[in-house]
Amino acid sequence: MGVKPIELLETDRQQLQRLIKKSADWRESNRAETILMLADGYTVKETAEKQRLTREAIRERRRKWLKTGFASLPDKPRSGAPIKLTDEHRNQLKSWIEAEPLTARALLNRLEKTFSVQVGNTTLRTELKRLGYVWKRTGYSLKKHEAGPTNKSFCREQASTEQ
């Protein structure tokens, strides 16, 4: 025998349909679709086949829905390494960058000397990107040259206008 269909209020049904259409997370909308299919009377087997999931995955979604409702749809926070940079570190990075252009290596060295914090190059770049900074490779020296411009494209433009 199949399991009894999930009973939904009309407001819950509308909210699930909204999640299916507008959720930014595809997993959440997929789970909402599972619940709606079960509420519409589809069996676990039919739902699993249509969604290309295992029957056990469908049963697990059903159990979680009956236990916690809408809280079962979004992903739970995942574990990982704790964040190494605090707001104080981020503020100091901002002030260093705004004072003068620095390389990633120089910023990492300053962080280590000032705060005794060791982070990787990728971590630093990720944090700076979050702060709104963009890493760009400089193509020209910032030193002043007495002999004139060293930018090759600028020299070509000058040569073509003089002819």
Student: Is it true that T11 and Q14 share a donor-acceptor pair across their side chains at a distance under 3.5 Å?
Tutor: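 Looking only at side-chain atoms, T11 and Q14 do not form any donor-acceptor pair under 3.5 Å.
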Student: Can you measure from CD (E49) to CD1 (I58) and round to the nearest 0.5 angstrom?
Tutor: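 Answer rounded to 0.5 Å: 10.5 Å.
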Student: Do D40 and R13 have side chains that get closer than 4.5 Å, going by heavy atoms?
Tutor: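 Contact flag for D40/R13 side chains = yes.
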Student: Among L36, I35, L73, which residue meets the side chain to side chain contact (heavy atoms under 4.5 Å, CB included) test with L19?
Tutor: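 Option passing the side chain to side chain contact (heavy atoms under 4.5 Å, CB included) with L19: L73.
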Student: Would you say that more than 12 heavy atoms from the other residues, nucleotides or ligands in this model lie under 6.0 Å from the CD of E100, or not?
Tutor: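 Yes, enclosed.
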Student: Roughly how far apart are L107 CG and E127 CD, rounded to 0.5 Å?
Tutor: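 Answer for the CG-CD pair, L107 versus E127, is 12.5 Å.
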Student: I'd like to know if the side chain of D25 and the backbone of R27 have a donor-acceptor N/O pair within less than 3.5 Å.
Tutor: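 Here the side-chain-to-backbone pair exists.
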Student: Using a 3.5 Å distance criterion without hydrogens, assess whether the side chain of R55 forms a donor-acceptor pair with backbone atoms of K45.
Tutor: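 The answer is no, because no donor-acceptor pair under 3.5 Å joins these two groups.
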Student: Give the minimum heavy-atom separation between L16 and A32, together with the two atoms involved.
Tutor: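 Distance-wise, the nearest heavy atoms are CD2-CB, 3.7 Å.
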Student: If you count every heavy atom of other residues, nucleotides or ligands that lies below 6.0 Å from K113 atom NZ, does the total exceed 12?
Tutor: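 Result for NZ/K113: open.
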Student: Side chains of L108 and V119, heavy atoms from C-beta outward: is any pair under 4.5 Å?
Tutor: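 Yes, side chains in contact.
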Student: Give me the atom names and distance for the closest heavy-atom approach of I83 to L85.
Tutor: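 Heavy atoms only, the tightest pair is CG2-O, 3.3 Å.
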Student: Within this structure, what is the NZ-OG1 distance for the pair K50 and T43, rounded to the nearest 0.5 Å?
Tutor: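 It comes to 10.0 Å.
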Student: Where do L8 and A39 come nearest, in terms of heavy atoms and distance?
Tutor: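 Scanning both residues completely, I find the closest heavy atoms to be CD1-CB, 3.4 Å.
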Student: Side-chain heavy atoms under 4.5 angstrom apart, residues restricted to Ile, Leu, Val, Met, Phe, Trp, Tyr: same cluster for Y42 and V44?
Tutor: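 No, Y42 does not connect to V44 through the hydrophobic network.
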Student: Is S72 reaching over with its side chain to a backbone N or O of G69, donor-acceptor style, under 3.5 angstrom?
Tutor: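 The answer is yes, because a donor-acceptor pair under 3.5 Å joins these two groups.
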Student: Which heavy atom of W65 sits nearest a heavy atom of F70, and at what distance?
Tutor: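 Residues W65 and F70, closest heavy atoms: CZ3-N, 3.6 Å.
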Student: How far does CZ of R110 sit from CG of L93, to the nearest 0.5 angstrom?
Tutor: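 CG of L93 is found 10.0 Å from CZ of R110.
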Student: Would you mind telling me which of H89, K84, E88 makes a side-chain hydrogen bond (donor to acceptor under 3.5 Å, both in side chains) with T86?
Tutor: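 Of H89, K84, E88, side-chain hydrogen bond (donor to acceptor under 3.5 Å, both in side chains) with T86 is met by H89 alone.
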Student: Testing R31, E56, E33 one by one against R61 for a side chain to side chain contact (heavy atoms under 4.5 Å, CB included), which residue passes?
Tutor: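 With R61 as partner, side chain to side chain contact (heavy atoms under 4.5 Å, CB included) holds for just one option, R31.
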Student: Quick one: does Q51's side chain have a donor or acceptor within less than 3.5 Å of a partner on N30's backbone?
Tutor: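 Yes, because the side chain of Q51 sits within donor-acceptor range (under 3.5 Å) of the backbone of N30.
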Student: State, to 0.1 Å, how close N121 and A104 come at their nearest heavy-atom pair, and which atoms those are.
Tutor: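 Scanning both residues, the minimum pair turns out to be OD1-CB, 3.3 Å.
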Student: Can you give me the closest heavy-atom contact between W96 and Q92, atom names plus distance?
Tutor: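 Heavy atoms of W96 and Q92 come nearest at NE1-NE2, 2.6 Å.
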